2 protein chains.
Amino acid sequence: AALTPEQTATLDKLHQHVSQHTQSYSLVESLTTEVGHRMAGSEGDRKAVAWAMDMMQGLGFDKVWKEPFEVHPWTRGDLSIQISGPYPHTLEGLALGGSVGTDGNTLNAEVVYFPDFAALKDARPGSLDGKIAYVGFRMSRHKDGHGYGEAVGARGAGASVAAEKGAIAFVLRSVGTDNNRHGHTGMMRYQDGVARIPAVAISNPDADLLENQLKRGQPVQLSLNVGAKRHDDQSVTSYNVMGEITGSEFPEQIIALGAHLDSWDVGTGAVDDGLGVGMTISAAHQVASFTGRPKRTIRVILFGAEEVGLLGARAYVAAHKDELANHQMGFEWDFGNGNIYQMTPGVGPMALAHIQDFADYLAKLGISLSARNDAKGQSDMSALGYSGVPAVNFAPDGSDYFDWHHTPNDTLDKVDPEALKFNTSVFSLFTWFAANHPFDFRQ
Amino acid sequence: AALTPEQTATLDKLHQHVSQHTQSYSLVESLTTEVGHRMAGSEGDRKAVAWAMDMMQGLGFDKVWKEPFEVHPWTRGDLSIQISGPYPHTLEGLALGGSVGTDGNTLNAEVVYFPDFAALKDARPGSLDGKIAYVGFRMSRHKDGHGYGEAVGARGAGASVAAEKGAIAFVLRSVGTDNNRHGHTGMMRYQDGVARIPAVAISNPDADLLENQLKRGQPVQLSLNVGAKRHDDQSVTSYNVMGEITGSEFPEQIIALGAHLDSWDVGTGAVDDGLGVGMTISAAHQVASFTGRPKRTIRVILFGAEEVGLLGARAYVAAHKDELANHQMGFEWDFGNGNIYQMTPGVGPMALAHIQDFADYLAKLGISLSARNDAKGQSDMSALGYSGVPAVNFAPDGSDYFDWHHTPNDTLDKVDPEALKFNTSVFSLFTWFAANHPFDFRQ
Ligand SMILES: [Zn+2]
Ligand SMILES: [Zn+2]
Ligand SMILES: [Zn+2]
Ligand SMILES: [Zn+2]
């Protein structure tokens with residue numbers, strides 16, 4: 001059963017309207033200019049929650065509310081990292097999120113080079129006693145961003161593996177595809193029962209320089225003063241912020257659009273994930289204002305504390321346990337700036353036929369339907385997907401995403417206004433379709 | 001008179017040899033890895049002079065020597081710059097070279113926006129009393145780099161113009177074409193008799209953010225702590241470093257290849273001007289080792305203290321006053337990384353015919369001859385050119401040069417090894433031609 005001419009006409013008109021609308025860009029501009037960064041547990045986090053409530057209330061969402069959860073704050077402090085010999089250089093880098101610091105002390109030790117995480121894992125216990133472990137693996141650039149998965153394991157777990165072998169600090173070539181003098185931060189985790197050592201990512205050019213010194217065959221020394229601090233004994237309340245357009249016929253059935261409101265603290269979080277915030281608020285608002293009240297409820301979920309481990313998403317799943325069966329569909333935007341080129345569903349077999357009808361429409365916009373039907377939702381939305389909520393993943397060209405990702409360079413100028421309009425439109429089209437055609441996505 | 005078949009054959013062989021040789025790249029790699037930055041008067045400056053002497057001696061130049069001149073050191077210190085209201089943000093920027101600092105104090109004042117330097121000049125005296133002047137002019141990107149000339153006036157003279165109107169600090173949108181969170185430093189100068197106020201360049205993304213706040217119509221405050229220090233009462237000896245291959249027939253006649261050895265302190269000076277150092281040393285060496293001793297003397301001049309006002313070049317002209325008439329030709333490389341596409345001579349009318357012959361050969365390599373004959377030499381070499389030394393300017397595609405120029409991003413990864421090989425070859429071809437065909441460039 002293809003879409004009816006009326007459905008197609010509505011999609012056409014909605015696309016024409018939203019794909020020319022600057023609202024999603026204005027929202028990112030406002031968030032990045034008036035709030036800026038919003039690291040979980042920070043002052044910016046609190047401001048962002050107020051900003052999101054104000055915005056959605058101002059746009060006339062039927063219901064806007066927030067739901068609390070707790071985070072342990074982490075503060076970055078200052079980082080000073082140098083090659084102290086044989087050829088002294090000051091390096092650019094960033095502490096990884098969650099890293100301990102050096103308590104005001106400066107570590108100075110020889111570097112041991114590992115080409116990748118596997119090589120570090122293979123190091124003999126004790127072989128790094130008193131040394132600094134360095135992993136030089138360079139992330140590769142791909143449209144679908146799969147180089148990130150190949151590189152990020154060392155970021156998350158490298159410090160504890162290095163500490164197990166005796167290292168006193170862990171230094172990583174940044175997980176990023178650029179050549180700017182900016183470290184790429186991102187979350188790391190300590191393994192229980194292993195010494196907690198500082199974990200730092202240096203920029204790609206600085207990693208090249210370090211490796212060029214190592215290649216000369218003399219011992220290379222790094223010196224490191226890391227101002228980062230975990231505050232595990234403190235707890236700060238953060239929030240998920242929800243805005244809802246209540247359905248006219250099936251108000252209990254929820255079509256959920258997600259993005260994360262938090263960001264890292266080094267840029268303004270424009271690409272990660274300010275534009276997702278703009279897209280989801282705008283797509284929901286445009287559907288309601290342009291096509292009228294939907295049959296099902298449209299719920300925008302702006303998750304808190306995604307960067308530090310999907311804390312907001314987990315809190316949401318826990319708080320909405322009894323309501324999750326009524327979540328018909330969840331989809332999220334957290335992958336930047338390129339035009340959407342593919343849609344991957346994760347729905348029931350009968351629902352798949354409806355998705356296919358919708359995908360036939362999207363094909364006109366250059367968006368293909370993946371042959372797979374196993375999407376679990378992206379980023380935060382995966383917490384809902386793995387709890388049984390049907391999902392759709394939209395894939396953009398992510399070739400340049402990891403140039404800016406988690407760096408000081410994640411700023412408004414990196415947002416492509418045209419791609420943002422297009423993607424906001426795709427989100428609005430699917431929102432309208434899912435909210436007004438009440439087949440069961442689970443069936 | 002076209003080139004003879006023998007001349008053409010030698011040029012062909014030399015090009016084939018040098019355009020496949022990695023020596024110039026190895027030299028930049030060595031300079032940036034083993035010395036790093038080399039700001040005039042700094043420890044790196046002293047190391048670079050020793051490095052250059054060692055390198056040219058090691059390559060068997062007939063004569064290698066250095067000539068002293070004095071510089072007043074300037075130190076950058078730390079910079080802290082924030083928008084303090086209405087929406088607080090930490091900005092990225094760099095003090096301009098030569099700027100005074102704030103002596104440990106933090107200035108906090110309202111910003112007054114000027115779209116360009118002309119608008120600042122038009123401001124009423126007293127209208128900036130107690131304020132911070134900000135010039136937001138954005139440099140445009142062009143193959144020949146002419147956007148730099150349009151933007152750099154404000155960098156050099158903006159602080160004194162702002163101070164004349166009563167400003168307590170001068171902030172500039174960086175003179176650069178990129179969108180990275182790096183300020184672009186570069187020299188500024190104070191006008192005599194005008195209060196010396198701190199001068200800072202903020203990165204393009206930060207300039208956008210500042211302007212987006214200004215557009216909201218409320219007063220915007222900046223807070224500024226500038227650790228920069230002039231040391232006008234101190235004097236440090238810096239050096240030009242020369243390496244010479246003595247001519248067999250006309251040893252007194254000099255073909256001079258120039259580059260500057262100093263750099264700014266924020267990157268490793270790979271593009272500005274490490275690759276010029278590598279190109280000139282390698283071109284001279286390759287001509288001598290591949291084609292034999294030249295008839296005229298080939299002199300590589302590695303100028304010191306270019307960035308801070310052509311101090312080395314002026315010292316060279318003063319020291320070689322009596323010998324300048326024997327400088328047959330001077331040409332310099334200080335414009336980065338793109339393939340050379342044009343040659344502009346500045347020679348006598350009879351010499352121009354010989355240049356034309358040579359240019360016919362270069363046309364095969366995609367290099368055109370400019371219709372002008374008014375070149376005075378680039379960067380340092382202009383000090384010789386305006387003292388009467390004939391010159392040739394080689395123009396590369398400089399479209400991306402001002403992405404990295406004077407920023408922490410000026411690092412080895414920005415050097416294009418293939419363009420460097422090609423350009424080194426062009427330098428060697430012209431060096432061979434000028435050193436072995438003793439027509440008078442002045443006639
Ligand atoms: Zn994200
Ligand atoms: Zn992220
Ligand atoms: Zn230069
Ligand atoms: Zn320069």
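Since the model is a prediction, treat every value here as computed from it, not as a measurement. Just so we're on the same page: letters track the sequence lines, and every chain starts at 1.
For B:T90, no part lies near chain A; criterion is any non-hydrogen pair under 4.5 Å. At a 4.5 Å heavy-atom cutoff, the contact between B:E29 and chain A is made by backbone and side-chain atoms alike. When heavy atoms are compared at a cutoff of 4.5 Å, A:S203 does not approach chain B at all. Only the side chain of A:T411 has a heavy atom closer than 4.5 Å to any heavy atom of chain B.
When each of B:N204, B:T268, B:I83, B:N179 is scored by its heavy-atom pairs under 4.5 Å with chain A, the top score falls to B:N179.
When the salt bridge (Lys or Arg N to Asp or Glu O under 4.0 Å) test is applied to A:R138, no partner is found at least two apart in sequence or on another chain. In this view, A:D416 satisfies the salt bridge (Lys or Arg N to Asp or Glu O under 4.0 Å) rule with no residue, not counting sequence neighbours.
For residues 42-50 of chain A, heavy-atom neighbours of chain B at less than 4.5 Å comprise A:K47, sorted by residue number.
What you find for B:W404 and A:N180 is that their closest heavy atoms are CZ3-OD1, 4.3 Å. Taking all atoms of both residues into account, the shortest heavy-atom contact from B:K414 to A:P205 is NZ-CG, 4.0 Å. Pairing each heavy atom of B:T33 with each of A:L209, the nearest pair is CA-CD1, 3.8 Å.
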Before giving the answer on side chain to side chain contact (heavy atoms under 4.5 Å, CB included), spell out for A:N212 and B:L412 the whole-Å C-alpha distance, their side-chain angles and the decisive distance to 0.1 Å. CA-CA 10 Å; A:N212 280 337; B:L412 185 64; 3.6 Å; yes
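The side chain to side chain donor-acceptor pair (under 3.5 Å) test with A:E34 singles out one residue from B:R216, B:Q213, B:H89, and that residue is B:R216.
Atom CG of A:D78 sits in a sparse spot, with 12 or fewer heavy atoms from other residues, nucleotides or ligands closer than 6.0 Å.
Evaluation of the salt bridge (Lys or Arg N to Asp or Glu O under 4.0 Å) test over residues 172-186 of chain A, restricted to residues two or more places apart or in two chains, returns A:R173-A:D208, A:R173-A:E211, A:R181-A:D206.
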